[in-house]
Each structure stands twice: as structure tokens, then as C-alpha cells.
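The analysis underlying the following values was restricted to heavy atoms, covering all of them including side chains, and did not include hydrogens, waters or symmetry mates. All figures in this text were calculated on a predicted structure; none of them were measured in a lab.
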Amino acid sequence: MEEKENLLSSSESDANDKQPLTTQVGSFSDESLSDKSTGKGYATIEGLDNEFSGLPDQDAETLRQQVYVSPVQPSFLRLFRYADGKDIAILALGVIVSVAEGLMRPLMAIVFGAATQEFTDLPSGSMMSYFNGSYYNRYNSTYGNHNYAQDGLYSGSYNSTAYEYDNGYMDNSDFAQNISRYALYMFLLGIATTILTFAKAFTFIDRADVLSSRIREHYLAATLRQNIGYFDKLGSGEITTRISSDTVSLQDAMSEKVSYIISYSTTFVSAIVIAYTRSYILSSIILGNVIMIILTSYFGSKIVTKFSEKAQEGYSVGGSLAEETISSVRNVQAFGIQDRMARAYDNFLATSEKWGIRVGYASGLRTGLTFLFALSIDALAYWQGIGLLIEGRINVAILLTTIFTLSLGAFSFTVISPYLTSISTGVAASAKIFATIDRKSAIDSSSEEGERLTEVKGDIELRNIRFVYPSRPNVTVLRDFSLKIPAGKTVALVGPSGSGKSTIVGLIERFYNPLNGEVLLDGHNIHGLNTRWLRQRIALVQQEPSLFACSIFENVCYGLIGSPYEHASDIEKRELVVDACKQANAWDFIQTLPDGLDTVVGERGILMSGGQKQRIAIARAIVSNPKILLLDEATSALDTKSEGVVQEALDRAAKMRTTIVIAHRLSTIKDADLIVVMRTGKIVEQGTHTELLDKKGEYYSLVQAQTIEALKETSDSSDSTADAEVDENSGIELEKLNTKRSVATALFHRKVEVTKPASVVDVLSMLYRISQRDLALLLLGLWAGAITGMAYIGISLLYATALQRIQEYNNPNDYGLLTRSIYMIAGFLFMQAVTLFITASASGSMFGYSSSRLVRRIRALFFRHLLRQDISYFDDSEHTTGSLTSSLARDAQSIESIGGATANKLVESVVTSFGGFIFCIAFGYKLGLVLVTGLPVMLLVGFYRVRFMTAFAETTKGHHTKSSNYACEATSSIRTVASLTREEEVLESYRKTLATIIRGNRRANIRSAALVALGRGIQYYIMALAFFYGGMLVASGEYRLDQFFIIFIIMVFGLENATTIFSFAPEMSKALQAGRNIKKLIDSEPEIDAWSTEGVVVPADEINGEIEFRDVHFRYPTRSDVPVLRGLNLSIKKGQFVALVGASGCGKSTTIGLIESFYRPQWGGVFMDGRDIATLNVTEYRKNIALVQQEPVLYAGTIRYNVALGSPGEVTDDQIIAACKKANIHDFITSLPEGYDTLCGAKGSLLSGGQKQRIAIARALIREPKILLLDEATSALDSESEKIVQAALDEASKGRTTIAVAHRLSTIQNADVIYVFENGKILESGTHQQLLANRSKYFDLVNLQALEKN
């Protein structure tokens, strides 16, 4: 906890502390964090337009169509573009109701003016009293000023009271009756206001829900229909940010805030109209100020919108980096790059902060100018109005009605400032969203255009194809490429990585358009065929299979979309799915799962092994019996036995269809009808396996590279047998195993302590600590806001003093004195205007500045704490990449929603309300206490609304998280979604989720609107009471006229501000919920903590790299009922090259994860050099390990940046080049126009699988690790590259311990020890020759990969 406190309150100077992972937030500078190679990788798509300038016009246009997004000019009315007739009618009703509610305030001013006339018509200083059973006139004769010391008009005063018996006493019954009537009018206005407020609030809240849901739906639909080139640089994190964060801003811009703006604008306009009807001369004088208020609002909003758009653009691009980082958290933790990714992320936060601060400044200045012009209206009105009153051109009622009405109008414009900021932010957020929606996709999968063939044979021809990727226009991938693939034949494409093999698959799927040439299906150019129909005739299994976060059954059923069985019954579908899983050799492992086909695979299939994922993907591809089958390294992640079974099934399936196979493991394509060998986008040779071997050309060399050494006659198998026996004997007996499993089960089912949500005080305390560096600015903002709030009390005193002077000096002889008094009051009002300009501008700017910095710190802190969590945290279905990326964007934004202009208004309103009520009690306790009784009711209503909205926000959080995660999952796997034509299905599921949210929201919206209406109505009920009881007090002579009016006017401003406070209840509730989410994450301390300084630190020169597993039992926390390792025992000596082989799901990758300290075993231990790794400092321990995963992870920076991430410290270009040479990627990199500065694209999308894997290997080698972990590190490499890389790995493994998981046995035949896994234990172990001599499982695996002619 102490460490956390330091984190939250660290100062600027501790940015580069000795922590292994920089945990300080808020101390980042642009210079220290600048990483041009990272920021460059996340450039916007529009920036690509200039890259086409050097190409021929036709080529440039073809490429531009695939990536360019035309900007859209944002506007408020565009937000309502999806409103239908019903919505327009409801919104029109909402506008009418809002206008009517806005008219209530001017009507109240008219009532006030008329009532004022009643008061001023009474004799000056004379009120009737009942004294000793008789009526008397009581004179309060005052010489001087009643407020002598306060306004400084006179230096002193003398007050005397005399009583005179009045036989014909003046009857006050008419006065009391009139005042009672005006009080009744005020009460009726309150009832009308309550009804109208409920109607307007519910209308706009409900329609905002509906319309924002339609925008979300259209945005996702538009995103899913875009061509693949659009996504090559646009990260799915940006899409998630827009759908979870920007649409919330957009919804706010359409919600009840619109009704407030309409209502207050109506008040403003009607105030001007009423003022004109009362006195056109006086109104014309102040017209200039009215125009200035309107211009200030208009241009201020335009500037705020512009700055908001830039701020959102800066963050949304950073959202892609966050999404990439979270989705590859294993790689991030393995290489210890949490701090570097956090600093790269903060670069984008800095951009967003810069523009957010400008939003605060612009908003503060707009508010200040509004106050200046609004109060200048009052000053002008009094200055000129008193002359008109003296001349008899207006009376007191007209003067006061005009001034009070104009005051209410001016106040209305000061109130709407934060609402205008919210709308400006929403309008700015809509720009990118509508730009995507309006973008015409170059290849539109949703279009109904295009021909649909009645029969498909499966003849495919690529004719004179020239192709360039839109995101890398300077590299030609295919050059005048031509190939014919007869129907029903199997054609294999082999060759080095980057030769264009996967590109051919992308062109057949019509993911891209070629620059020249055509792709033909049965003689028809696929450009003229319907894209959706075409893709439904093709099944694709990609090199990196994408599964969706649902059950295995549902994943396989997605392959039936577009087939005759799409709408079949579940029973029929289940039969088809079972058959497909059997063909894909997936059925056996599925049956071992507790829920069988209904087992959830986790986000991106994270709960399945690589081989299991690939088999499910193959089942999905063949379940619909497609005419064309595309296999892009479809079996690369399968173990040899599974591969043999699956390959046999694929061979059977291929007999009736056209099959194109891309493979680096040549044993899988030796039976193909045609093998095409490619290099640099051209065909080098083609023929059958036997024909190409006889040619002894390129293919022959590839085969030789994968040849597995045969069994030597002299080999001695005794060692192997002994090893096998030792392993067998070292296994645990069944009874003991059950005992261990029961212990593991008990560990998993231990009671989990449920933590209570953080209280408001806890959340505020956390925000205080995070904001501590800006405390001075916050205090300045609070001070300025408090002055602004107190100014309303001063204004009320001036108004009441003016009324008193007008009543006292209504004799023509006193007009000179009256004029001087009112001029001085006008001067004070102008001074107030200037003061409020300064304080409101300062307060808004300070809050805007500190709010933007707070948001940056929260996001940075949230991101760092996310990366701090151990891997089991990310395995939880509640912590998917989409939901975490969404929380990262949304929670900080929710905190921001109560900062800036909103915080300024809240401070101002709180001070005005509570300060005003306290002043009222002090100035006139009788009337003050009566009126203050209404305050607890208003507070109760307001707090109940906040509490209700907070609880409701917690309830709906799950739905919003689910919908955001669903959208993120679909867009991050866009190639799979497009190939399966899942777009409509994804949209329908998303639509249902949104409909559920809307239905759940409606009841809550009714309650919320009712609470708003009740709070607004109470304001008028209290004013009615004030008129009635205050009038009686004045009539009885207990209160002076100025005393009553001071209390009344302060109360009017106070009630209006009290109502304003709780109009921000939705923002408060969202901010509270967001604060709880943030605090929960910050307070969580993972079991395996990368921040911890605890644990033994072993000096690097003392590490030998010996690894030992002792009786290890392990189950994944998210699947505690499935044992993975069942008493694993293995020993790896210093400098040994050890291989782990076996069937998919037997525990090989789990072993790698345990060595990396991603998890802790439930029983047993993992030891390095005799030390239990659980006792070592995890950060220092991982510095000695390098990992190359089965699915290589690259980030959207340059190649140089990605390779450099492997080193814990600074590296030189020479070191990077040396590592790339070892990984056999240097020559390819230097062939690119930008060399090592070439962008890799989002998740490495601009590189082939083999290129990505070689860069990942270079990243591992630059680390100079003591232990090298290779989890299928060469599975995506072609044979030539694999041979060279394998030689490099063999060289690199000298002097270090190397542990390799491999299915391609040619890569591990030279291993010192090969461990064969089965069911989480070691079945046999030994060298390649020893295991061959054993003629057991390993022997069978080798025979399945034989590449002889026969």
C-alpha cells in the first residue's frame, strides 16, 4: 500500500526512479517519451494519400480507393441522421415541451414584476400593523441609508419608529389577496414545470439511447463492410475506442442536455421578446450585448468542437496501441516491455492532453465572456432604465420585469456553457464515426450487386496479375503472375516467406484488388461477381486461426453461413459439426472437455492450444462442404499424428473440390496434383512431388532441408529405454495422482473474498492523490469558482438595493438622489461583470487544464496497472481485450465528464446554493428558515437520483462491456469474419445486445426523468411559498421591502443553481462507477507481480540455465476442472538443446508458460539452478529468458523498433542488424525501400507470417538470453529460411539452454534430449537416434513426416 501511495503522489522529479518498471504517472514529458518509430506506426489512414504520389495515376487511384477516407464536416443536426418519422415526431414533441418549459422562467419573471408593483405601490416605509387591539400605521423613518455600511452611499444613518393611531386604518386585505394570487400563479407554474420537465427529459434521454444505438450499429456495419486494405493500418483498438467511448460522447450530445439548451435558449429569447414588449427602447439599448452573447456562444462552441475533435483523434489512435498491447500481454510480460509500451501509449495521451487543455481554455473563456456580456445587460438596463422611469415612459413593474427577465435570460446562457461543451465534444466525436459510415468500400461485402453463378465448378485462374499492398505501395508483391488451377484439383504453393503465396489467397477471397490482371472463377472475373456470394463458396483456414469467444459448437457452425444448412435445426447442425470435428481429428480432445462441444474457447481461442484451435478452424472450414478450399498453413500448429489424420481427411475432402494449399511443411503437400514453387512474386517451377524431385531444382533443395535423419544401424537404444523407464517409474501412481488432483481442486475452490465497491470518499481520495501535482491549480479554480458563485449573492443585494431606492425616492424631488444611487448600482454591476469574466475564465481554464491532465494520468495509471496483472487475470472471460480497451477509454472519459466546464459550474452552483441559503437565514431568519426547508427535499431528490443512476450504471456495465467486446472481437478478426461472411450475423447479435440495453434503460430513464422533474418543480413551489409568506411579513411590517427582495432573489438564483447541480447526476454516477473500476484495478495486487521488488535477484553471471520440473501438477485457473500437467518431471542441463514433442494439448506450451513464470503450479515446483523460481524476483528472472511464440507478435512500429524491444537496455543499429542476420531476415529488410524503418502494420499485418516470425526470432536473439524458449518458433518459415534460421538457432543455443516445442521434427532432430509428452507427463525421452531405436511414439511421428518419393 505504501508503494501505491508513492505512485499516486510522486513528484515530477521521480520520473526516472530506480523501479524496474516506471510506475510514476503524470511526470512524462513529450521529449522523454518520444518514440517516432512507434507513433509512425499508428499514423492515420488519410496520411497514406501522399505515398501514392509517385505511382501511375491508375495505380494510385486503385490503391487510394482501398484506403482513403473522405473527411466529414461534423454538425449537430447530422447526429440525428438516423431518426425515422416516429423519432422526428417524438423529438419535435420534445422540442415543443422544452420550449414550453423554457417559457416558465419568463412567466415567473412577469409574475415577479407584477408582484413587485404591488409591493412598491405601498407607501414608502409604511406598513399596517395590529397593535394593542387596534390598527396603527407604523413608520420606519430612516435618515440616510438602511445599508449604510454595506454600499458606502452614506456615512451614517438614524432610524426612528413612531406609532400613530389611525381611525380609518388602511385595509391590507387587497394587498394580501393579490400576493396570494401571485403565489398561486407561481405554484401553478411549478406544476406545469414538473410535467414539462419530465416530458422533455425522458424524451431526449430515451431518443438519445435509441439513436446512439443506431449509430453504433451503422458504424459497426460500415466497419465490417470495408475492404481489408482499410484495416491494414487502422487498429481494432481505435474501432473499439470509437464504439465504446466516442459514441458515449455522441449520445450525451443528443440526450437531456439538448433539452436544457433548448429550454434555457427559449428563456433567453423569450426574455428578450418580453423585454421588447415591455419597453422596446430599453431593450434596444441592450441588444448589442445580446448579440455578443450569441456570437460568443456560437464561435466558442465551434472552437471547442475543433479542439475536441483533435483531442479525440489523438486518443483513438492510441487506443489501437493499447489494444495491441493488451491482446499480446504474454509477449509484453515475457520481454518485460510494460514500461516501454506504457510510455509509447503516453505519447498519444500527451497529444490528447494538449488539445484537451485547449478545450478547457476555450470553454473557460467562453463562459467568462458570457458572464461579462450578461451582467453588462443588467448594468445597462439600470443605467438607462432609471432615466426612462423618471421621465414616466415606464413604471416600476415594467422596469423590474424587463431587468429581471433579462437577468434570467442572461443567467440561462451562463448555465448552458457545460452543456454546450458536452455537445461540442459529441459533435467532434461524430466526425470520424460518420466518415467511416459514409465511406464507400472498394470491395463491399454487404452489396447486393454482382453476378451469382447458378453452378460453380471450381476452375480458378490468375491472369497477368500485378499486385501491390495499399499500405506498402513501393513494394511489388506479384509481377505479371499467371496460374491455372483446374476444378477438383489440389494445388500447393511453396516458396520463401514473402514470395506472394498468401497474397494469392487474399486475391481469390477478394480481400484486395490487383493493379493489373484479373482473377477468374469458371471463366468469370470475380470483380463482376457478388462478393458475399463468392466468399460463401470458399472456405479459408488461415495460418493464425481466429476463433470467437463462444462455444466450439458455435465456432464450427459459423462455417455453415451461406450454406443450405445455415438455418437447419440444432440437431442437424450438431450432426454436421460432430462429423466435421471427426474429420479434422478434433473430436477426441473435444470429448475430454467437461462441456464437450459446448466448451467456451475464450477470447481468440485463448483457452485452447494452438493445435486445438487449428483443428477447430479446419472443422469450421469443411463443415459446409465448400467448392473451393484455401489452406494457408492450415496444419502448421498440429502435432505430427494429428497432422497425418487431418491431412488424410483434407485429402479426402479435396477430391471433390478445388483446393489451394500453402505449406512450409512439405510432408503435407507431397500428394498434391500440382506443386507451384514461387519466389519474389513469380513461379520458379511447378509439377508433382516426384517430378520436382527428379528436376533437382528449387523444390529439391527445400525437401533436402526438411529431411529427417534415418535410423542408424549402430545406434544404441539402451539410454533411451532407460530414460523412458525412469520417466515411467517417476510418474505417480493413480491413487497418488488422484490425491494430488484433489489438492489442486481444493486450491481452486477456495473461498474468494468478495470486496465491496469503493465508497465516494475512497474514490475522491484516490482522485485527490492522482491530482496532487495540480493541487495549486485546482485550488485556484475552486477559489475562482467560489467567487463566481458568491457573486450571485452580491448581484441579489444590488438588485434589492435598487428596488429599495426606487421605492424610497419615488418623489420627483428625490429623482436626483435616485439617479445617483442607481448609477452607482449600475457601476457595481459592471464591476461584477468584469470580476466574473476574470473568475469564470480562470475557473473554467484551471478546471479544464487539471481535468485533461487528470485524464491522462488515469489512463496511463490504468494501462500500467493492467500490464502489471498476471496472465490469469487476462484469461478471465470478464477481462477480454475488448472490455479492457473499452474500460480504458470510457472510464477516464467518465471522470473527465465532471471536470472542466462541468466542475466549474458545479462549484459555482454549490457555493451559490448553500452560501445563498445561509445568507438568507442570517439576513431574515423567519423567511430564510421557511424557504430552507425545501432544500433538504431537493438534496434528497438529487442524491437519490445520483445513487439510482450509479446503481443502474453498474447494472448496464455488463451489457455495454459485452457489446464493446463483441465489436472489438469482430474487427480484430476481420479477415476471418469476412471469409465466413459473418457480417450480418455479427450485426444481428450486436443489434440484439443494444436492444436489450435500450429496454433495460427505458424504465430507468422514466425514474430518472421523474426525479429531475420533481427537483425542478420544487423550485417553483418554494418561490410560491416565498411570495405568500414573505408578502405577509412585509405587509405586517416585520420585513422591509429590500430585506424581502434580497432573500427572494438570492433564493431564485440558489434554487436554480441547486437544480443545476443535480442535472449532472448522470455524469456524477458514471464518474463514481468509473472511479470504482479504476480503484479496484489499482488496489489489485497480482500473485505474480512484475512491480514487486521482493524475491531473490540472482546475478546474471551466476545463472547457468538449468531447469527442472519436480512433480508438477497444473490446471489453468479458468478451467480448474481440466488437469493439464499430471506430475511432470523433467530435467534440463546447462547449455542443452531440449525439444518437447507430442500431441496438441498435452502440455508442451503450458510447460513454456510455467518456465516464463506466467503461472504457478498447484503442486510441485519449477526450479532454475536449484532455486524455486517462485522465490526469485520475477522481473529480474525474466531478463534471462527469451520467448518466441507460436503466433509471433509484432507491433505497429518500424522493424527496428520491434527488434529493439527484445533488449532490456539500449541497443545499437549494429546489434539490431546482427540479430536480423542471425534470423535470416536482414536481406529481406534491406530490399525494402525504407529498410529497417519499414512499418510492420497493426499486429504485423503488413508482413507475411514467415517474415513476422523471423523478426520475432531476431527480437529474441538480441536479448542474449541464458534460456531460449521456442514455442513452434519456425512453424511459419519456408524450408530454406527454416534451414538457415535453424542453423542460426543452433549457433545461438551454444552456451545457453534452449527449449523448443516443435511439430516439424526436422527442426529438432539434433536436440540433445527430446521429451515426448502424453497426457501431461513424459512418455519417453532421449536423442533422435535413441527414440527411433525405441520404435515407440516418436518413431511413428517421424514416419508420418517422411518425404521420400514413395
Working for ring-ring contact (aromatic ring centres under 6.0 Å, His included), residues Phe187 and Tyr1021: CA-CA 5 Å; Phe187 182 80; Tyr1021 305 146; 5.1 Å; yes
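- Remark: Asp209 does not engage Arg214 in a salt bridge, criterion side-chain N to carboxylate O under 4.0 Å.
- Ile974 CD1 to Thr223 OG1: the interatomic distance, rounded to the nearest 0.5 Å, is 8.0 Å.
- Side-chain polar atoms of Glu323 and Thr885 form no donor-acceptor pair below 3.5 angstrom.
- The distance from atom OG1 of Thr193 to atom CG of Leu1014, rounded to the nearest 0.5 Å, is 12.5 Å.
- Within the 4.5 Å cutoff, no side-chain heavy atoms of Leu107 are placed close to those of Ile274.
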I'd like to know whether Ile423 forms a side-chain contact (heavy atoms from CB on, under 4.5 Å) with Thr305, so could you lay out the CA-CA distance, the side-chain angles of the two residues, the decisive distance to 0.1 Å, and finally the verdict. CA-CA 8 Å; Ile423 287 181; Thr305 300; over 6 Å; no
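- Classified by interplanar angle (parallel below 30°, tilted 30° to 60°, perpendicular above 60°), the ring pair Tyr260/Tyr264 is tilted.
- When only modelled atom types and interatomic distance are considered, Thr267 and Arg105 share a side-chain donor-acceptor pair under 3.5 Å.
- Residue Ile294 holds its CD1 atom at 11.0 Å from OG1 of Thr370, rounded to the nearest 0.5 Å.
- Electrostatic pairing of Arg81 and Asp438 counts as a salt bridge here, judged by a charged N lying under 4.0 Å from a carboxylate O.
- Salt bridge annotation for Asp206-Arg1002: present, with a cationic side-chain nitrogen under 4.0 angstrom from a carboxylate oxygen.
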